[in-house]
Amino acid sequence: MTLIDQTLQQYIAVALERAQRKGALPAFERPEVIPVERPKYPEQGDYASPVCLQLARLARMAPTKIAEAVAAHLPELPYVEAVTVAPPGYLNFRLRKAWLADQVEAIIAAGESFGTVDLGHGQKVQVEFVSANPTGPLHMGSARNAVLGDALARILEAAGYAVQREYYVNDAGSRMRAFYETLYVRYAQAFGRDESVPEDGYHGPHMVAMGEALAREHGDRFLALPRDEAVEAVGRLGLQRVLDGARDDLEAIGVRYDCWFHESTLYREGTFDRIMQILREGGYLSEHDGAVWFDATRLGGDKDEVIIRSDGSPGYFASDIAYHYDKFVVRGFDRVIDVWGADHQGHVPRMFTMMEALGLDPKRLTLVIYQLVTLKRGGEEVRLSKRTGDMITLREVVEEVGADAMRFFLTARSADSQMDFDLDLAKEQSDENPVYYVQYAHARICSILRYAETLEGDDGDVHLLTHPSELALVRQMLRLPEVVRTAAEGLAPHHLAYYAQELASAFHAFYRDCRVVSSDPADLAVSKARLKLVAACRVVLHKVLDLMGMSAPEVM
RNA sequence: GCCCCAGUAGCUCAGGUGGAUAGAGCAACUGCCUUCUAAGCAGUCGGUCCCGGGUUCGAAUCCUGGCUGGGGUACCA
């Protein structure tokens, strides 16, 4: 399905060219992009272009005069009923009612594929998100990451990309060793051994619980091993346990991964050696202060970065370079999107210098940075969890407010905006909650369709749909592809949440104005037409809910 | 100090890359259920778009200087 605004852009461009050729407009350089927008007020039509306002200076003519000239030279537009010129110089386009009605059947025919646009042309894109250190349960910060990342993945799929979802498991660094060490200590303590958690270890209560759990499940057999081996064995079990927990938590909010990529494989499979060779050959490495440095400043970076620490171990940035080499060169992704919390934004510049050092186009990498979430309850900030004595976990919040509410609220805010997530608002005020508002529209539709089963038959004539509320609903439904495009281009899923509410609102207004199933046999034809409209609306609502990873309940 | 994000209605936030009259939800107030789901609908109230200056036909949007909040600025990740 072609996007109407894109078609209008082309038509206006043609009209400009024609008008100039015929002398209706003076010669001037035509703009590369013609702005086409959705006007605010219905009387202004379905689409509008302010392009003539911009051209006023170039053409040295009054904007309205330019608009009249353009309007006079527009090609025949199959689905446009009227083109009008409105002061101070807008071109307003109103869609033909019969064409709008036809779209009801087009949407039903498109089904699940309605709302998809071909922006990506099948390009391979990877969305890597969450990737929290596997040292404990996922907390609320990761929840925003998960919801954002998964929504991006869904949107990009709808926008024609071949998407892969990936979780990067940091199982190689010093943090992992601290985790292994701590877990072994807690395990040994469960048997009364005199061990103490290292200074840089994990002191939270969840480690105690995990140590005890491992002790229960596996007995004391690891205590007989040499300590190094025991730490390794217990640590591995703990890592698996944490990853299983993360997988479960993420699935609870509808997030599934295609790949769990372990950092350690970069060192096992020679990727790290390969990038070191490339960097050395490129002359990007230098040695001083006992460490090996990446000279990022030479590529415009803000500061140099340590690659190999003075103790001989590779730093986190070394892994990052090898990891992205693997993504682009080994696995061949055309484009990679990493979703990071604002607490990592300081590392953005070095990622681009890294791309250059590897000889890769930096434009292929996008870092989506989201601002941190503060959790509130009744206006009061909550920091600590009662259960873990630590950060509030993702699991706790899902259990309290539900997966749909969590996904909706976290999707509904722009990633740039530091947001408050109020638990009481998400849960207790469920009656007046936008989450249910949208889902309720879907349930209402299902209810109508159930009720109308007796007079089903797909011989409804959509051209009987002429009521303003019917056409307003169709207009809203037709916006979905544009919204998907906007969200995909801007990597901004929050547009979906706003659109979903507007679509639901248009449906509820239709429901108020137009009785679908009538008891009067004389209305049968209209009823059948409206049933088609309702069925089409269901398709669109279902799609937008799905893009947000939310369920579309049939009964509420 | 320097870098990134934000500041829009009482609250939470939208305002695709400068355009028409500033938007939604919640909160407050008025009405509407004997017919398909009232978790709904219609309406009212509510604005110094943080504050200066600049750019131009035109600024919530762009530039600049401040102020406020958040996050960075490690041989942690």
Side-chain angles (χ1 to χ4, degrees), chain A residues 33 35 37-41 44 48 50-51 53-54 56-57 63 86-90 92 131-133 135 170 173-176 178 200 263 289-293 302-303 305-311 313 315-317 319-320 341-349 369-372 374 376 379 409 412-422 425 429-441 443-452 482-483 485-487 489-490 492 494-495 497-498 501-502 504-505 507-509 511-519 527 530-531 534 555-556:
Chain A
V33 281
E37 52 192 40
R38 316 275 318 201
K40 256 176 269 180
Y41 304 91
Q44 293 164 340
V51 68
L53 293 165
Q54 295 170 7
R57 165 168 315 180
Y90 278 93
N92 289 341
S131 302
N133 270 339
T135 55
N170 294 119
S174 60
R175 294 289 76 208
M176 201 71 255
D200 67 341
E263 181 185 7
D289 301 323
V292 178
W293 297 72
D302 49 352
K303 60 183 191 330
E305 306 282 350
V306 167
I307 298 258
I308 310 282
R309 295 188 285 239
S310 50
D311 68 0
S313 66
Y316 182 73
F317 187 45
S319 289
D320 259 353
D343 52 341
H344 286 62
Q345 38 95 344
H347 296 167
V348 171
I369 305 293
Y370 62 91
Q371 300 299 312
L372 271 21
T374 47
K376 295 201 168 173
F409 278 102
R413 303 290 174 248
S414 152
D416 282 339
S417 142
Q418 183 190 336
M419 65 171 287
D420 290 346
F421 187 95
D422 197 311
L425 223 65
Q429 295 187 317
S430 57
D431 292 12
E432 303 295 338
N433 195 315
V435 178
Y436 302 101
Y437 180 80
V438 177
Q439 292 183 321
Y440 182 65
R444 244 185 176 177
I445 286 172
C446 294
S447 170
I448 293 171
L449 294 176
R450 280 192 301 270
Y451 187 84
E482 291 169 28
V483 172
R485 184 190 56 195
T486 303
E489 283 175 346
H494 70 274
H495 290 115
Y498 283 85
Q501 290 178 84
E502 283 162 20
S505 175
F507 173 75
H508 288 309
Y511 182 88
R512 172 202 68 223
D513 291 336
C514 303
R515 172 88 198 170
V516 177
V517 186
S518 172
S519 49
S527 285
R530 286 179 175 166
L531 275 175
V534 168
V555 181
M556 283 179 78

* To do: Check every atom of B:A39, B:G71, B:C76 against the side chain of A:S174 and return the nucleotide holding the closest atom.
  => B:C76

* Length of the CG-C1' vector between A:D343 and B:A6, whole Å -> 16 Å

* Closest listed nucleotide, where the reference is the side chain of A:Q44 and the choices are B:C13, B:C75, B:A20 -> B:A20

* Structure fact -> If pairing means Watson-Crick or G-U wobble with both distances under 3.5 Å, then the partner of B:C49 is none

* Asked: Taking atom types as modelled, is there a side-chain donor on A:S313 or A:D311 under 3.5 Å from an acceptor on the other?
  -> yes

* Taking the side chain of A:K303 as its heavy atoms from C-beta onward, which of B:A74, B:G71, B:A20 lies nearest to it? -> B:A74

* Is the side chain of A:S414 donor-acceptor paired with the backbone N or O of A:D416 at a distance under 3.5 Å, no angle test? -> yes

* The side chain of A:Q501 lies closest to which of these nucleotides: B:A20, B:G40, B:A24? -> B:A24

* To do: For A:A48, report the nucleic acid contact type (base, sugar-phosphate, nothing); a contact means any heavy atom under 4.0 Å.
  => base

* Structure fact -> Checking B:U12, B:G70, B:C76 against the side chain of A:Q418 (C-beta onward), the nearest is B:G70

* Measure from the side chain of A:S417, starting at C-beta and using heavy atoms only, and say which of B:A14, B:C4, B:G16 lies closest. => B:A14

* Across all strands shown, which nucleotide pairs with B:C2 by Watson-Crick or G-U wobble geometry, both distances under 3.5 Å? -> B:G72

* Asked: Expressed as a whole number of Å, how far does the C1' atom of B:G40 sit from that of B:C3?
  -> 49 Å

* Asked: Is B:C26 in the syn or the anti form, by the rule that syn lies within 90° of 0?
  -> anti

* Asked: Atom CG of A:N433 to atom C1' of B:A27: distance rounded to whole Å?
  -> 14 Å

* Structure fact -> Closest to the side chain of A:S414, out of B:C75, B:A20, B:A14, is B:A14

* Asked: Expressed in whole Å, how much space separates the P atoms belonging to B:U34 and B:G23?
  -> 36 Å

* Hey, is the side chain of A:D513 pairing donor to acceptor with the base of B:A42 inside 3.5 Å? -> no

* To do: Provide, to the nearest angstrom, the distance between the CZ atom belonging to A:R512 and the C1' atom belonging to B:G31.
  => 14 Å

* B:U56 - base-pair partner by Watson-Crick or wobble geometry, distances under 3.5 Å -> none

* To do: May I have the distance from A:I308 (atom CD1) to B:A74 (atom C1'), rounded to whole angstrom?
  => 17 Å

* To do: Measure the distance from CD on A:Q439 to P on B:G40 and round it to the nearest whole Å.
  => 12 Å

* Asked: Taking the C1' atom of each, how far is B:C4 from B:G15, in whole Å?
  -> 22 Å

* To do: Just compare B:G40, B:G25, B:C75 and give me whichever is closest to any side-chain atom of A:P434.
  => B:G25

* **Options B:G40, B:U35, B:A20, nucleotide nearest the side-chain atoms of A:P39** => B:A20

* **B:U8 versus B:A22 - spacing of their C1' atoms, nearest Å** => 9 Å

* **Distance in angstrom units between A:D420 CG and B:C11 C1', rounded** => 10 Å

* Say you pick atom P in B:U64 and the same atom in B:A6; how far apart are they, in whole Å? -> 15 Å

* Looking across every strand, which nucleic acid part, if any, lies under 4.0 Å from A:D200 by heavy atom: base, sugar-phosphate, or nothing? -> nothing

* **Syn/anti state of B:G16 by chi, 90° boundary around 0** => syn

* To do: For nucleotides B:G7 and B:U61, find the distance between their C1' atoms and express it as a whole number of Å.
  => 14 Å

* **Base paired to B:U21 (Watson-Crick or G-U; both N/O distances under 3.5 angstrom)** => none

* Structure fact -> If pairing means Watson-Crick or G-U wobble with both distances under 3.5 Å, then the partner of B:G40 is B:C32

* Asked: Starting at CZ of A:R450 and ending at C1' of B:C36, how long is that distance when rounded to a whole Å?
  -> 11 Å

* Within the side chain of A:R530, is there an N or O that forms a donor-acceptor pair under 3.5 Å with the backbone of A:R515? -> yes

* To do: Rounded to the nearest angstrom, tell me the gap between atom NE2 in A:H495 and atom P in B:A14.
  => 9 Å

* Closest nucleotide among B:A42, B:A38, B:C5 to the A:D416 side chain -> B:C5

* Under 3.5 Å, is there a donor-acceptor pair between the side chain of A:T486 and the main chain of A:E482? -> yes

* Rounded distance (nearest 0.5 Å) linking atom CD of A:Q345 with atom CD of A:Q371 -> 7.0 Å

* Considering only atom P, compute the distance from B:C41 to B:G25 and round it to an integer number of Å. => 9 Å

* Asked: Is there ring stacking between A:Y41 and B:U21, where the centres must be under 5.5 angstrom apart and the planes under 30 degrees?
  -> yes

